[in-house]
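Accompanying notes for the structure given below.
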Amino acid sequence: PELCGVPAATVWTHNDVLDSEFQTLMEMVMIVSGAFLFLPIRTCVSWIMPLACVLNYLAVLCLAGSPFPLWAPMRVLQLASLGFFSWRGAQKHERSLREKWCAQAVLKKQGVDLEESAAMTEAMKQVGGSL
């Protein structure tokens, strides 16, 4: 592949190429993980973020090449795996929050029922006491 008419091997002649590619991948993972941790995005739509990162990285690989082409498939797999694991963790967290919310709703209803029963018991005691 060529980048602006220059072969990829020529573009990637810097000494810190591995570091810059690794840095880019880690920044992508950091952004996706941070978004899953701190942004209130439902998991039914948040799967788009890791997919976009993988597709973006694949596009750069196709357009500009990689300084280490033999490592490229493994990097794509690692990026996809980390994105999937982050998304799956967010999905499990969302499920536990939903279960907690449902349990609180049940407890609230039971509290109302208990108050009604207590009021009914008090009324029955007053009626029984007046007889």
Side-chain angles (χ1 to χ4, degrees):
E2 291 188 359
L3 181 62
C4 298
V6 180
T10 308
V11 173
W12 301 116
T13 57
H14 304 351
N15 291 334
D16 64 346
V17 174
L18 179 61
D19 185 46
S20 65
E21 184 180 19
F22 187 71
Q23 182 77 20
T24 301
L25 289 171
M26 288 299 102
E27 288 170 356
M28 286 181 174
V29 170
M30 188 173 58
I31 289 169
V32 168
S33 298
F36 283 139
L37 285 172
F38 300 112
L39 297 178
I41 303 172
R42 296 287 310 265
T43 55
C44 61
V45 293
S46 65
W47 59 269
I48 296 170
M49 283 188 301
L51 179 65
C53 282
V54 171
L55 293 177
N56 184 15
Y57 185 66
L58 281 173
V60 169
L61 284 179
C62 292
L63 295 175
S66 172
F68 304 99
L70 295 177
W71 295 4
M74 182 56 74
R75 300 272 173 141
V76 171
L77 180 63
Q78 290 169 339
L79 182 61
S81 297
L82 287 170
F84 174 76
F85 295 148
S86 294
W87 176 78
R88 187 70 174 124
Q91 188 182 39
K92 285 186 172 190
H93 180 67
E94 182 180 327
R95 182 178 299 136
S96 70
L97 287 177
R98 192 177 307 123
E99 288 171 354
K100 182 180 175 183
W101 180 75
C102 288
Q104 286 175 344
V106 167
L107 284 175
K108 188 175 182 180
K109 183 179 179 338
Q110 288 175 347
V112 169
D113 291 345
L114 189 59
E115 289 174 3
E116 289 174 358
S117 296
M120 183 66 83
T121 303
E122 190 62 35
M124 292 175 95
K125 282 181 183 179
Q126 288 178 359
V127 168
S130 65
L131 293 177

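- In this structure, L107 CG and C102 SG are separated by 11.5 Å, a value rounded to the nearest 0.5 Å.
- Atom CD1 of I48 and atom SG of C53 lie 12.0 Å apart (nearest 0.5 Å).
- For K100, there are no side-chain hydrogen bond (donor to acceptor under 3.5 Å, both in side chains) partners, not counting sequence neighbours.
- Grouping Ile, Leu, Val, Met, Phe, Trp and Tyr by side-chain contacts under 4.5 Å, direct or through others, puts L77 with M74.
- With hydrogens and angles ignored, the 3.5 Å screen pairs no side-chain donor or acceptor of S33 with any backbone N or O of M30.
- Here L25 pairs with Y57, R75, L79 under the side chain to side chain contact (heavy atoms under 4.5 Å, CB included) rule; sequence neighbours left out.
- When the side-chain hydrogen bond (donor to acceptor under 3.5 Å, both in side chains) test is applied to R88, the partners found at least two apart in sequence or on another chain are Q91.
- Applying the side chain to side chain contact (heavy atoms under 4.5 Å, CB included) rule to E116 yields the partners V112, D113; only residues at least two apart in sequence or on another chain are considered.
- W47 is connected to L39 through a chain of hydrophobic side-chain contacts under 4.5 Å among Ile, Leu, Val, Met, Phe, Trp and Tyr, so both are in one cluster.
- Under a 4.5 Å side-chain heavy-atom criterion applied to ILVMFWY residues, the cluster that includes F38 comprises L37 as well.
- Between N56 and M28 there is a side-chain heavy-atom pair separated by less than 4.5 Å.
- With sequence neighbours excluded, no residue forms a side-chain hydrogen bond (donor to acceptor under 3.5 Å, both in side chains) with Q78.
- Residues I31 and V45 fall into different hydrophobic clusters, defined by Ile, Leu, Val, Met, Phe, Trp and Tyr side chains chained together at heavy-atom separations under 4.5 Å.
- Summarising the hydrophobic clusters (Ile, Leu, Val, Met, Phe, Trp, Tyr; side-chain heavy atoms under 4.5 Å, direct or chained), the residues clustered with M120 are M124.
- Applying the salt bridge (Lys or Arg N to Asp or Glu O under 4.0 Å) rule to pairs touching residues 24-51 yields R42-E94, sequence neighbours excluded.
- Sequence neighbours left out, not one pair with a member in residues 122-131 passes salt bridge (Lys or Arg N to Asp or Glu O under 4.0 Å).
- Across every non-hydrogen atom of P50 and G83, the tightest pair is CB-CA, 3.7 Å.
- The heavy-atom pair separating A80 from V54 by the smallest distance is CA-CG2, 3.7 Å.
- Residues meeting the salt bridge (Lys or Arg N to Asp or Glu O under 4.0 Å) test with K108, sequence neighbours left out: none.
- In this structure S46 satisfies the side chain to side chain contact (heavy atoms under 4.5 Å, CB included) test together with F36, I41, T43, M49, W87, sequence neighbours excluded.
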